[in-house]
Amino acid sequence: MRYISTRGQAPALNFEDVLLAGLATDGGLYVPENLPRFTQEEIASWTGLPYHELAFRVMRPFVTGSIPDADFKKILEETYGVFSHNAIAPLRQLNGNEWVMELFHGPTLAFKDFALQLLGRLLDYVLQKRGERVVIVGATSGDTGSAAIEGCKHCDNVDIFILHPHNRVSEVQRRQMTTIFGDNIHNIAIEGNFDDCQEMVKASFADQSFLKGTRLVAVNSINWARIMAQIVYYFHAALQLGGPARSVSFSVPTGNFGDIFAGYLARNMGLPINQLIVATNRNDILHRFMSGNQYVKETLHATLSPSMDIMVSSNFERLLFDLHGRNGAAIAGLMDSFRQGGGFSVEPERWTEARKLFDSLAVDDEQTCETIAEVFEQSGELLDPHTAIGVRAARECRRSLDIPMVILGTAHPVKFPEAVEKAGVGKALELPAHLSDLFERDERCTVLPNDLKAVQAFVSQHGNRGKPL
Ligand SMILES: *Cc1c(COP(=O)(O)O)cnc(C)c1O
């Protein structure tokens, strides 16, 4: 499988190189040159497979040429073996024909484990084969950091540096990062905000000379491998609900357009999906595009669903590329006007096409809390605020009660106690067994000033398993 850039000017790469790449050299994102397509018979024959076996069948075409089948199977078995629920992604019924797919049974209790547990193992496999080492520098406002650290902690060939804004992530989220020790794991608290952290990561990708020749790898969802891993659970849910003979709808809480884009790909790969609902919080650039053809940057609002607090959705460029007949020059033009003027609209027929593919809704904090309370009362299920946004959007945008509706349950409620408390649900939140002593564990973290040079100096002094590069 070959991968091409959404801006049309970078060389095509194979899977291995895409895994190790950040953005393409032309500033675009990598996408498969040709999407695999499965027949209904083929998909039907996967009914009842264990999760890792299904994952092998869905993802195999994306890695062919880079990873032999037997090795890929083994990697997948290990990856999903660390999840604490036998079903890996169990479906829980809320209402008639309405289901939450629980994607929070991985080590860090959010769906990001599905991709980052795999990414860590794939990196180590490929790097060992090549005899190379890489450095990861990533910024997090919460869930990505812990999932990336958990995913890479056993990697022999990866050193990982995660930047979070000092005193601005929740205690559970911080401790999920800082209590994991290893000489290749480095938590850095920056005396600044999340945007400062992200700027430093971007600047480090742009000029990698401080790495003395070591390669920098991306762990955010611009990395294709993350999207690829998320396609699998759409098949998993549909197969349990009568698919592919019957079509299924999904409602997806989203910020960076990663998870929902994976659903769009699943549909293009042959899975019958009826509705795909984009569910955002008050930071609603995606909803404003879907409802009014305005992709325009606005100020960032802090909400009760912080993992979706974004101004710009990085993966949206991958959809725009398809909407524009895969014309890289058109995308480069749109992105230029976005950079210069802070927004754009697309041609009416392209927008109409997007509206056929997706429904959307923006849900504010008050509605989020209402939904948490309502669902708890109706069914005894306690939702995290991100999942609650998905449920709200599903209920408001649903077109048919006969078609099963699956809401992606993106995080465990224990990660977001503030929202649960505000919703007035009188249920004590308990950490799962493997994290029950989280608040007693020692922490390891370095506080650094909001200064790029200081951070890069730290990375180059510790980037080789704690030793200088
Ligand atoms: C990251 C995250 C999201 C948003 O993911 P996208 O890739 O932007 O769709 C939603 N919910 C939770 C809990 C997250 O951690």
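This chain uses plain numbering: 1 for the first residue, then up along the sequence. We count ligands from 1, going down the list as the structure has it; atoms in each ligand are counted the same way.
Polar contact check, Gly255 against ligand 1: a nitrogen or oxygen pair lies under 3.5 Å apart. In terms of polar-atom proximity, defined here as any N/O pair under 3.5 Å, Asp143 does make such a contact with ligand 1.
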Under the criterion salt bridge (charged side-chain N to carboxylate O under 4.0 Å, His left out), I'd like the reasoning laid out for Asp124 against Arg121: C-alpha separation, chi angles, the key distance, then a yes or no.
CA-CA 5 Å; Asp124 222 28; Arg121 286 172 174 83; over 6 Å; no
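The nearest protein atom to atom 3 (C) of ligand 1, hydrogens excluded, is given as Phe111 CE2, 3.5 Å; this is a heavy-atom distance. Among protein heavy atoms, atom 9 (O) of ligand 1 sits closest to Thr254 OG1, 2.7 Å. Considering only non-hydrogen protein atoms, atom 1 (C) of ligand 1 sits nearest to Lys112 NZ, 1.4 Å. Atom 8 (O) of ligand 1 has its closest protein heavy atom at Asn256 N, 2.5 Å.
Checked against a 6.0 Å centroid threshold, the rings of Phe358 and Phe257 count as neighbours. Taking the centre of each ring, Phe111 and Phe104 stay at or above the 6.0 Å mark. In this structure, His164 has its ring center at least 6.0 angstrom away from the ring center of Phe194.
Between Arg392 and Glu374, none of the side-chain N atoms (NZ, or NE/NH1/NH2) sits under 4.0 Å from a carboxylate O, so this pair counts as no salt bridge.
The parts of Thr410 lying near ligand 1 are both backbone and side chain, judged by heavy-atom distances below 4.0 Å. Contact annotation for Lys415 and ligand 1: no heavy atom of the residue comes within less than 4.0 Å of the ligand. The backbone of Phe257, and not its side chain, has at least one atom closer than 4.0 Å to an atom of ligand 1 (non-hydrogen atoms only; backbone = N, CA, C, O).
Atom numbering of ligand 1 starts at 1 in the shown order; those under 4.0 Å from a heavy atom of Ala411 are 13 (C).
By the 30° and 60° cut-offs, the orientation of the rings of Tyr3 relative to Phe15 is tilted. Using cut-offs of 30° and 60° for the angle between ring planes, the Phe114 and Tyr80 rings count as tilted.
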